[in-house]
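Here's the structure we're looking at; comments come further down.
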Amino acid sequence: MSYESLKNDSDIRWSELNSGNIPWIRVSDAMCCGSSLGSEEIVQTIKGFSKKHNISLNIDTVGCHGICYAGTIIDVLLEDKPRMFWGYVTIENVEEIIDSYINKNKIIKKNLLGSLGDQIIKGVPRFSDLPGIQYQNRIALRNSGNIAFNDIHQYIANGGFLGLNKALSSMSSEEVINEVKNSGLRGRGGAAFPTGVKWSFMANSKGKKYILCNCEEGDPGAFNDKGILESDPFTLIEGMIIAGFATNSTNGYVFIRHGHEGPIIRTEEAIKQAYENGLLGENILGSGFSFDIEVSLTGDSYVAGEETALMESIEGKSSRPRSRPPFPAAYGVWGKPSTINNVKSLSYVAEIIRNGSDWFKSTGTESSSGTAIVCLSGDISNPGMYEVEMGLSIGDVIEKLGGGIPNGRKLKMLQTGGPLGGVLGSDSLKVKIDFDEMAKAGAILGSGGIIVVDDRTCAVDLTKSLVAFCQYESCGKCFPCRLGMTHLLEIVEKISKGEGVIEDLALMNKIGKNMQAGSLCGHGQLGYNPISSALKHFQKDFEECMSGDCPTGSCKKRNIVFPINTRPNAWQVKSGQVYQGKIRQVVNDRK
Amino acid sequence: MLKDYKDEYILNIIENQHYTTRTILSSLLAVQDEIGYLPKNSVNVVAEFMKVSTNDVWGVASFYLNFRFDPPGKYNLEICWGPSCHIGGASDLQQTALKKLDLENQGDTKDGKFSLKFNTCLGACPQAPLISVNHKLYGKMNTKKLSKMMDELN
Ligand SMILES: Cc1cc2nc3c(=O)[nH]c(=O)nc-3n(C[C@H](O)[C@H](O)[C@H](O)COP(=O)(O)O)c2cc1C
Ligand code: SF4
Ligand code: FES
Ligand code: FES
């Protein structure tokens with residue numbers, strides 16, 4: 001099928017939906033704002049309503065609007081009316097909301113978020129004026145909340161696959177790479193490496209080659225990769241195909257942790273629909289370029305997100321990192337050249353190609369083009385998944401989008417970029433959301449998670465939880481990390497119990513330095529970050545805890561139980577011993 | 001209760017797994033998805049199917065922390081202890097569940113009703129603290145709600 005005929009079909013369906021002839025109800029159904037709050041049951045209730053009143057409805061499940069705090073969010077479009085949004089919807093209030101609006105033309109004011117469209121209705125605020133919407137600048141998430149995540153035609157009607165069509169019909173692979181290079185797009189998976197440059201490493205080798213999309217997303221506090229896959233998986237698929245074309249690759253894998261059903265099922269559905277419409281497989285859109293994509297699942301292992309461990313996991317082995325060189329661009333998955341990109345990085349690509357690199361570069365800052373998808377959680381009034389322009393200050397994100405810290409409490413710490421990213425103090429509000437500015441301040445933007453912590457939490461308490469995470473997730477391949485993290489956790493736990501001594505600080509520093517120098521992958525190399533950053537800003541907390549008079553006392557109040565890292569060094573165990581011997585013990589602990 | 005599963009039954013699961021790229025890991029995930037854990041002989045069946053040693057398979061099965069080697073409880077209760085949930089009160093949820101289930105750490109109850117697991121991030125941090133029951137998420141949890149939920153699960 002040609003792109004034009006696809007687009008025509010899709011446009012017809014889209015305008016049909018938008019006419020509101022049949023009332024169109026969209027329900028936010030991502031983990032962050034819907035399915036953790038019962039959106040599934042809400043959809044069922046709406047269907048029941050439709051049946052009971054014998055009214056036909058178009059009901060779509062859509063992605064996240066960013067304002068997760070107001071979940072579940074529904075909006076209703078009626079003929080000649082603007083879209084009307086309600087938040088905090090539950091199975092208890094949903095029927096009343098739609099019944100009044102559809103049947104009685106009455107707008108229930110409680111939990112009304114606003115309207116969206118040209119028409120202004122008296123007494124109804126504009127949805128786009130909500131701070132959590134107004135201050136967003138959505139590129140990767142442009143469709144999220146507006147289109148059904150499981151309907152490729154809605155994606156196409158909104159400009160989907162225009163970028164791919166442009167690349168395939170009028171650009172060479174080299175031109176695509178140059179366009180991405182010029183856009184200044186940097187990797188959103190942690191290391192902020194320029195995406196176009198990464199692609200160019202692999203461009204010239206021949207034969208089977210792989211594009212690997214990393215959605216392991218094990219960082220607690222980050223949910224934007226899963227958020228994209230749940231809200232608009234087509235954006236990722238299109239970006240991956242373009243990446244495949246740019247690097248002359250043949251295959252792609254979307255790498256997701258098992259058990260996250262939302263992202264997995266929706267990505268699979270998107271891949272299926274792309275195949276059905278000639279956008280994947282042989283001879284895509286008649287261009288002669290062929291590309292296949294498959295989902296690959298991993299088990300529970302944070303380190304599987306590290307690029308070489310990811311390749312091991314796709315090959316079905318334990319996700320322990322490989323030594324480099326050889327680098328993935330030369331020797332990747334199955335020994336073939338491979339490029340690993342984060343979900344977010346790839347999700348910008350379609351829009352960059354469609355609108356040109358200058359357009360992308362004009363957003364954001366000199367060193368960090370585009371937007372950041374900030375996952376805001378913790379002690380914050382309005383937690384959410386906000387896509388904001390790079391260069392906005394952390395303070396603005398917290399105050400303007402996040403609505404500040406509830407109950408008049410004071411900001412104490414920020415935890416950014418996942419556990420390895422460490423913590424920032426309350427003096428960091430002026431720091432700009434920008435890869436280099438954040439690095440200068442001693443933190444990383446990484447995957448975009450920002451956990452806000454108020455003054456009820458002691459720095460030792462938070463640090464302990466971060467260190468416990470790093471210890472729990474060490475893959476065990478190299479001893480500086482495996483033993484170092486365990487030792488660090490012991491010391492932090494000791495300090496939190498009030499049994500620490502001042503010499504512990506120097507000891508931790510020594511262990512941390514060794515880990516940094518001697519670990520094979522970023523997990524061990526950065527594993528001391530949570531402690532070093534906490535000490536930089538909050539040494540006082542550590543000292544107070546040592547002397548036994550911690551002002552907040554949160555560590556003692558929060559009696560947290562950490563699970564045990566039972567990953568064995570499997571090569572020490574012979575298969576015959578497994579059921580009776582050593583592993584049996586480990587396995588018993590694990591249950 | 002450890003039940004015996006015939007080799008053929010397990011082989012059938014592996015041969016019919018969903019993904020076309022078949023590996024040790026994908027096969028083990030398929031078995032656990034179907035049966036709920038990895039029966040003793042499944043390791044050998046996977047080894048034979050993948051033409052690798054049982055040692056290779058054990059290496060993978062013991063590495064990923066989601067694999068279990070005996071049947072799970074009827075309810076798979078997960079409590080998130082990631083930092084967003086931690087500051088939101090995850091430890092109280094842990095203590096409530098541990099006390100109710102008479103456990104000291106994650107694990108199974110003797111009556112086979114609950115498998116308790118602590119998760120590093122359930123992926124919906126804005127609704128912290130979170131738990132999940134048989135993979136369904138429940139946000140904005142508190143000890144009262146959790147207690148009640150657990151009581152209502154039969
Ligand atoms: C321990 C560890 C865990 C990682 N986890 C992830 C992850 O979950 N998702 C991700 O995209 N990158 C992760 N990374 C970074 C990847 O190694 C890699 O740099 C990234 O996927 C490249 O994509 P990008 O260039 O688009 O940023 C991790 C790195 C380390 C050291
Ligand atoms: S640094 Fe840690 S996570 Fe990385 S390879 Fe070594 S033991 Fe594994
Ligand atoms: S040691 Fe944790 S409260 Fe101070
Ligand atoms: S930290 Fe608990 S859901 Fe993310």
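Computed from a prediction, not measured in an experiment: that's the story for all the values here. Residue numbering restarts at 1 for every chain, and letters A, B, ... go by the order of the sequence lines.
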* To do: Measure L29(B) against the heavy atoms of chain A and call it side chain, backbone, both or neither at under 4.5 Å.
  => side chain

* Do T54(B) and N44(B) get their side chains close enough for a donor-acceptor pair, meaning under 3.5 Å? -> no

* **Interface moiety of Y302(A) toward chain B, non-hydrogen atoms closer than 4.5 Å** => neither

* Structure fact -> Whatever's closer than 4.5 Å to a heavy atom in chain A on L122(B) counts as backbone

* Tell me, for Q32(B) versus chain A, whether the close heavy atoms (under 4.5 Å) come from the side chain, the backbone, both or neither. => neither

* Interchain contact, L98(B) with chain A, by part (heavy-atom threshold 4.5 Å) -> side chain

* Please state whether the side chain, the backbone, both or neither of E268(A) comes within less than 4.5 Å of a heavy atom of chain B. => side chain

* To do: Would you mind telling me which of P383(A), S296(A), P563(A) has the largest number of heavy-atom pairs within less than 4.5 Å of chain B?
  => P563(A)

* Structure fact -> Of P126(B), G82(B), A128(B), C121(B), the largest count of non-hydrogen pairs under 4.5 angstrom with chain A goes to P126(B)

* Tell me, for S465(A) versus chain B, whether the close heavy atoms (under 4.5 Å) come from the side chain, the backbone, both or neither. => both

* Asked: Where on E315(A) is there a heavy atom nearer than 4.5 Å to chain B: the side chain, the backbone, both, or neither?
  -> backbone

* Note: K557(A)-D461(A) ion pair, threshold 4.0 Å (strictly below) -> no

* Residue among I87(B), N105(B), V57(B) with most heavy-atom pairs under 4.5 Å to chain A -> I87(B)

* To do: Look at the aromatic rings of Y5(B) and Y9(B) and report parallel, tilted or perpendicular, splitting at 30° and 60°.
  => parallel

* To do: Could you verify whether a donor N or O on one side chain and an acceptor N or O on the other, from T298(A) and S313(A), lie under 3.5 Å apart?
  => yes

* What residue, out of G262(A), G449(A), G299(A), has the most heavy-atom pairs lying under 4.5 Å from chain B? -> G299(A)

* **Interface moiety of I380(A) toward chain B, non-hydrogen atoms closer than 4.5 Å** => neither

* Can you list the steps and then say if C555(A) with K464(A) is a side chain to side chain contact (heavy atoms under 4.5 Å, CB included)? -> CA-CA 9 Å; C555(A) 241; K464(A) 186 169 74 172; 3.6 Å; yes

* To do: Considering non-hydrogen atoms only, spot the tightest contact between L466(A) and P83(B) and give its length.
  => CD2-CG, 4.0 Å

* To do: Heavy-atom distances under 4.5 Å only: say whether L297(A) touches chain B with side chain, backbone, both or neither.
  => both

* Answer with yes or no whether the side chains of R567(A) and S301(A) bring together a donor and an acceptor at under 3.5 Å. => no

* Please state whether the side chain, the backbone, both or neither of E473(A) comes within less than 4.5 Å of a heavy atom of chain B. => side chain

* State, to 0.1 Å, how close C80(B) and A90(B) come at their nearest heavy-atom pair, and which atoms those are. => O-CB, 3.2 Å

* Let me know if V452(A) has heavy atoms under 4.5 Å from chain B in its side chain, its backbone, both or neither. => backbone

* To do: Specify which of T21(B), T20(B), D92(B) makes the most heavy-atom pairs with chain A at under 4.5 Å.
  => T21(B)

* Asked: Quick one: do the H258(A) and D300(A) side chains pair a donor with an acceptor below 3.5 Å?
  -> yes

* Asked: Just checking, any donor-acceptor pair under 3.5 angstrom between side chains of N559(A) and S91(B)?
  -> no

* Asked: Within 45° of the axis and under 6.0 Å from the centre of the six-membered ring of Y138(B), does NZ or CZ of K136(B) qualify?
  -> yes

* Structure fact -> Whatever's closer than 4.5 Å to a heavy atom in chain B on Y69(A) counts as backbone

* Asked: Any donor-acceptor pair under 3.5 Å linking the side chain of K317(A) with the backbone of G59(B)?
  -> no

* Taking all atoms of both residues into account, what is the closest heavy-atom pair of P419(A) and C470(A), and its distance? -> CB-SG, 4.2 Å

* Considering only heavy atoms, which portion of A30(A) lies under 4.5 Å from any heavy atom of chain B: side chain, backbone, both, or neither? -> neither

* chain A contact via S53(B) - side chain, backbone, both or neither, heavy atoms under 4.5 Å -> neither

* Side chain, backbone, both or neither: which part of S26(B) has a non-hydrogen atom closer than 4.5 Å to chain A? -> neither

